[in-house]
Amino acid sequence: MTTLLTERRTAYLCQLDYVKLVAAFLVVALHTHPLYPLDEQSVLFRLLKALADIAVPVFFMSSGYMLFSACRDGDDQERARYIKAYIKRIARQYCIWSLIYLPISVYGYLSGGASIPGMTVSLIRNLLLVGQNFCSWQLWYLCATLWGSLLLLLLHKLMKKDAVTVLLALIVFAISCGVDYVQQTQAAQGSVVASLQKIIGVTIAGGRIMLGFVYLSIGKILASKSKYLSLRIAIPVTVVLFAAAVLTGSAWLGLIMHIAFFSMVLVMPAGANKERARFARKLSTCIYFTHMLVVFVAYCVCGFTFCYGWIMFIATAVISAAISVLLCLYGKRQPKVFHLLFG
């Protein structure tokens, strides 16, 4: 890694870490529905939903950006080794957090009346193809990152041109949208659409798992094209696209808006306090992975209804943030354990 590359990564690191902290709280909002029971068609709901939907794409694009920023100056073998090491780390992290949430997942299935064989099949299917089980919804990010990274590694070995990556990312995004459309369509029994719905239902459940590759690819492209980005252009483009995405609900406009937003973040001015930025990054990761534990406890104590609404959002955000601060302090004493859990 060259000195120039290290300086370039450091220059972008601070704002990425601060934005990821905000994104972590937006993920909490996605899972606690602070506007419940507001009408989902209302402008306020659609506005805040579009804002919260930026969160996970930010994590994906940030991962892709940092991964390929770190290895783009090496030769092909160095890049492949770096990507493989990243895949191993994500796989290890996914296995650990899946085990942590496993008792909760088992509780969810058994309390819902599932049989042991049926639960086992669902657990394995969800672990490999969906990325989530009961009260572990946020883990789909790791599963999608794992599959997306594997595809990028294969693409790196076969076709290295950015144009191929962009084209494949667009195709995968179109397939993802198509899968979701099929799942939302009312189909007559015995029809082709109904058959497709059944196949999707017993495999990937929806098109979301494909988004890891899409947004990781965007991060990869931006890592090599960031010198062409302009804050003066990125800000108005992001604002206009955000408004259009809210008004239309278009998945494609949402994708373009997410790219514009992340591009804006990359060229935003940021403070030079690296330690504070690193702490923000660690805090965001801890909040992301632990907040559903707080939600589960609330579910057990207060029931399902209490798990939604602004009170639950504030309580989950505050408690998970407090737990995360303690975990970050613990990480200073046990850095290996912290790295194993949170990367």
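What you see is a predicted model, and the numbers here were worked out from it, not measured in a lab.
- Although no hydrogens or angles enter the test, the distance criterion places no donor-acceptor pair under 3.5 Å between the side chain of Trp147 and the main chain of Leu129.
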Report all side-chain donor-acceptor pairs from residues 306-315 shorter than 3.5 Å, counting only partners two or more places apart or in another chain.
none

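- Residue pairs meeting the side-chain hydrogen bond (donor to acceptor under 3.5 Å, both in side chains) criterion with at least one partner in residues 247-257, sequence neighbours excluded, do not occur; the list is empty.
- A search for side chain to side chain donor-acceptor pair (under 3.5 Å) contacts involving Asp53 returns Lys49, not counting sequence neighbours.
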Side-chain donor-acceptor pairs of residues 235-242 under 3.5 Å, sequence neighbours excluded:
unit_1: Thr238; atom_1: OG1; unit_2: Ala234; atom_2: O; d: 2.7
unit_1: Thr238; atom_1: OG1; unit_2: Ala260; atom_2: O; d: 3.2

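- In this structure the side chain of Thr145 never reaches within 4.5 angstrom of the side chain of Phe59, judged on heavy atoms.
- Among residues two or more places apart in sequence or in another chain, the side chain to side chain donor-acceptor pair (under 3.5 Å) test is passed with Lys84 by none.
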Would you tabulate the side-chain donor-acceptor contacts of residues 151-158 under 3.5 Å, counting partners in other chains and residues two or more places apart, or write 'none'?
unit_1: His156; atom_1: NE2; unit_2: Asp76; atom_2: O; d: 3.2

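- Judged by distance alone, with hydrogens and angles left aside, the side-chain atoms of Gln93 form no donor-acceptor pair with the main-chain N or O of Leu340 at under 3.5 Å.
- Between Val56 and Trp140 there is a side-chain heavy-atom pair separated by less than 4.5 Å.
- Distance alone, capped at 3.5 Å, places no donor-acceptor pair between the Arg281 side chain and the Asp17 backbone.
- For Gln197 (side chain) and Thr185 (main-chain N/O), a donor-acceptor pair under 3.5 Å exists by modelled atom type.
- For the pair Tyr215 (side chain) and Ser63 (backbone), a donor-acceptor distance under 3.5 Å is absent.
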In residues 103-110, what donor-acceptor pairs under 3.5 Å come from side-chain atoms, sequence neighbours left out?
unit_1: Ser105; atom_1: OG; unit_2: Tyr101; atom_2: O; d: 3.1
unit_1: Tyr109; atom_1: OH; unit_2: Asn126; atom_2: ND2; d: 2.7
unit_1: Tyr109; atom_1: OH; unit_2: Asn133; atom_2: OD1; d: 2.8

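- At least one donor-acceptor pair under 3.5 Å links the side chain of Asp180 to the backbone N or O of Gly207.
- Between the side chain of Gln15 and the backbone N or O of Leu266, at least one donor-acceptor pair lies under 3.5 Å.
- Tyr141 meets the ring-ring contact (aromatic ring centres under 6.0 Å, His included) test with Phe60, Tyr288; sequence neighbours excluded.
- Partners of Arg208 by side chain to side chain donor-acceptor pair (under 3.5 Å), not counting sequence neighbours, listed by chain and number: Gln132.
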Ignoring hydrogens and angles, write down the donor-acceptor pairs under 3.5 Å from the side chains of residues 323-335, residues two or more places apart or on other chains.
unit_1: Ser324; atom_1: OG; unit_2: Ile287; atom_2: N; d: 3.1
unit_1: Ser324; atom_1: OG; unit_2: Ser320; atom_2: O; d: 2.6

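- In plain terms, the two heavy atoms of Ala23 and Ala55 that are nearest each other are O-CB, 3.4 Å.
- Remark: the backbone N or O of Ile259 is paired with a side-chain donor or acceptor of Ser263 at under 3.5 angstrom.
- Closest non-hydrogen pair, Tyr86 versus Ser149, comes out as CE2-OG, 3.4 Å.
- Phe342 is linked by a ring-ring contact (aromatic ring centres under 6.0 Å, His included) to Trp97, Phe338, counting only residues two or more places apart in sequence or in another chain.
- Residues Val28 and Thr32 approach most closely at O-OG1, 2.7 Å, considering heavy atoms.
- Clustering of Ile, Leu, Val, Met, Phe, Trp and Tyr side chains at separations under 4.5 Å places Val297 together with Val301.
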